[in-house]
There are 2 protein chains.
Amino acid sequence: MANTKKMDYVLLGLLSHEPMTGYEIKKRLDTTLRFFWGASYGSIYPTLNQLEKEGKVIKEDASSNGREKISYSITEYGKDSLKEWLKKPVEKDELRYETLLKLFFGNETGMEGAKEHIERFEEKCKGELLILNMFAENLGQYLQDDTHKHYYLTVKFGIKTYESYLEWCHEAKEQIKEWEK
Amino acid sequence: MANTKKMDYVLLGLLSHEPMTGYEIKKRLDTTLRFFWGASYGSIYPTLNQLEKEGKVIKEDASSNGREKISYSITEYGKDSLKEWLKKPVEKDELRYETLLKLFFGNETGMEGAKEHIERFEEKCKGELLILNMFAENLGQYLQDDTHKHYYLTVKFGIKTYESYLEWCHEAKEQIKEWEK
DNA sequence: ATACAATATATCAGTTTGATATATTTGTCA
DNA sequence: TGACAAATATATCAAACTGATATATTGTAT
């Protein structure tokens with residue numbers, strides 16, 4: 001079997017929902033999947049070309065007017081490859097939180113710096129939670145569809161975690177106040 | 001100012017706590033920081049050498065018996081560089097959860113696959129939570145120290161989030177049962 | 001008309017991972 | 001005591017991925 005990186009499956013997964021251009025894939029990653037996965041153009045376009053050479057996706061010219069546009073759709077072989085990966089156990093779940101890093105090393109700058117980072121984090125979380133709650137509400141009306149059920153579960157995950165982040169922010173600030181007494 | 005990547009500050013941060021070898025740095029990342037940050041030898045050793053050339057850390061031969069050992073300690077210049085970074089706002093907090101990815105694309109394999117991934121995730125979270133609670137308990141006795149206070153806050157973050165992950169696992173399984181009726 | 005935002009593809013240097021190589025010391029079981 | 005595995009320790013490299021940038025067209029608002 002050919003080389004397979006994680007990116008392959010992200011693209012195959014998205015194309016298993018519907019045919020898309022590289023640009024549309026990027027947008028979907030930046031909206032729907034942003035809470036648990038990301039990718040850059042520098043990996044999207046080359047991987048799309050590689051998947052086509054392997055016969056896992058099919059290119060189709062979808063240019064209109066003068067706008068160049070290449071639509072990709074998944075093949076049966078691509079679907080088989082995706083299904084195989086989906087059945088395998090997860091290799092790695094990973095958090096990369098710069099906020100936690102700056103907090104952990106924060107003794108160099110004191111509790112004042114820590115408080116600032118926590119507050120900024122809190123604001124960001126509030127924003128994300130607002131978006132996620134909107135997603136969940138909108139999704140409510142599509143829950144007879146299987147694809148949307150899976151989507152719904154991931155949105156619920158996002159809501160749960162951001163709510164717990166906000167709780168932590170509150171408790172951490174209280175704890176710092178306690179220490180400052 | 002010279003080139004600066006995130007890895008620079010991770011190493012400077014760890015060395016600001018105490019002098020260490022590359023191997024010890026890796027161990028600390030795999031234990032204490034594993035819940036929010038990771039790094040591989042392939043970035044640790046080269047970065048350590050680069051930081052030495054820049055005068056941010058100092059190399060010291062700490063070989064004993066026949067065992068080669070290089071201990072690194074942070075310089076004042078290195079501390080200044082670290083502090084500067086700590087004051088800057090966070091650029092990126094990122095979750096990369098393969099579990100969520102497989103769940104999101106799971107309509108290809110059906111709810112049975114989703115349930116399996118959720119269950120495996122649940123088991124892993126229970127394990128992590130156990131470790132984190134041990135950390136928190138042990139930390140309790142060192143909380144007069146500033147470094148440990150910052151450490152404590154990050155452990156609390158880990159506990160909060162893993163608890164919410166477990167709640168989500170439970171609710172997601174209930175939801176799936178509901179859908180299966 | 002003109003400028004700005006959005007759409008669209010593509011590439012590349014720099015960063016990081018994951019695997020592997022190499023070698024020594026320490027612990028453990030028989 | 002000897003043998004074997006596990007832990008300690010440094011280092012390198014191909015492959016993967018990011019973040020930035022280049023290029024060009026279309027739609028929108030002023």
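Within every chain, numbering begins at 1; the chains are lettered A, B, ... in the order of the sequence lines, protein sequences first and strands thereafter.
- At whole-Å resolution of the value, NZ in A/Lys26 and P in D/dT21 are 15 Å apart.
- Residue contacts for A/Gly22: at a heavy-atom cut-off of 4.0 Å it reaches the sugar-phosphate backbone alone, with no base atom in range.
- Atom pair B/Glu68:CD and C/dT25:P shows a separation of 12 Å (rounding to whole Å applied).
- Nucleotides of DNA chain D nearest to B/Ile70 and B/Arg96 differ in position, and the one nearer the 5' end is that of B/Ile70.
- Between B/Tyr151 and B/His148, the two ring planes are tilted [angle within 30° to 60°].
- For the OP1/OP2 pair of C/dT17 and a distance below 4.0 Å, the side-chain nitrogens and oxygens of B/Ser40 include at least one atom meeting the criterion.
- Between A/Phe157 and B/Leu95, some side-chain heavy-atom pair lies under the 4.5 Å cut-off.
- A straight line from CD1 of B/Ile25 to P of D/dT8 spans 15 Å, rounded to a whole angstrom.
- Rounded to a whole Å, the CE atom of B/Met7 is 19 Å from the P atom of C/dG14.
- The phosphate of C/dA8 has neither OP1 nor OP2 within less than 4.0 Å of any side-chain N or O from A/Lys27.
- A sub-4.0 Å separation between OP1 or OP2 of D/dA9 and a side-chain N or O of B/Lys69 is present.
- Protein atom NZ of B/Lys92 is 12 Å distant from nucleotide atom C1' of C/dT15, rounded to whole Å.
- At a threshold of 4.0 angstrom between heavy atoms, the contacts of B/Thr21 are confined to the sugar-phosphate backbone, with no base atom among them.
- Taking the ring centre of A/Trp168 as origin, the terminal cationic atom of B/Lys156 falls outside the region bounded by 6.0 Å and 45° from the ring axis.
- For the pair A/Lys59 and A/Tyr72, the cation-pi test (distance below 6.0 Å, angle within 45°) is failed.
- Taking the centre and axis of the six-membered ring of A/Tyr41, the NZ or CZ atom of A/Lys26 falls inside the cone set by 45° and 6.0 Å.
- Both A/Lys59 and A/Arg67 lie near DNA chain C, and the one whose nearest nucleotide falls closer to the 5' end is A/Arg67.
- Note on A/Tyr23: every side-chain N or O is 4.0 Å or more away from OP1 and OP2 of C/dT9.
- Take the nearest nucleotide of DNA chain D for A/Tyr41 and for A/Thr47: the residue whose nucleotide is more 5' is A/Thr47.
- Look at CD on A/Gln50: it is 16 Å from C1' on C/dT11, rounded to the nearest Å.
- For the pair B/Tyr45 and D/dT10, the criterion of a side-chain N or O lying under 4.0 Å from OP1 or OP2 is met.
- Straight-line distance from the CZ atom of A/Arg28 to the P atom of C/dA8: 13 Å, rounded to whole Å.
- Taking atom CD1 on A/Ile44 and atom P on C/dA10, their separation rounds to 12 Å, with Å as the unit.
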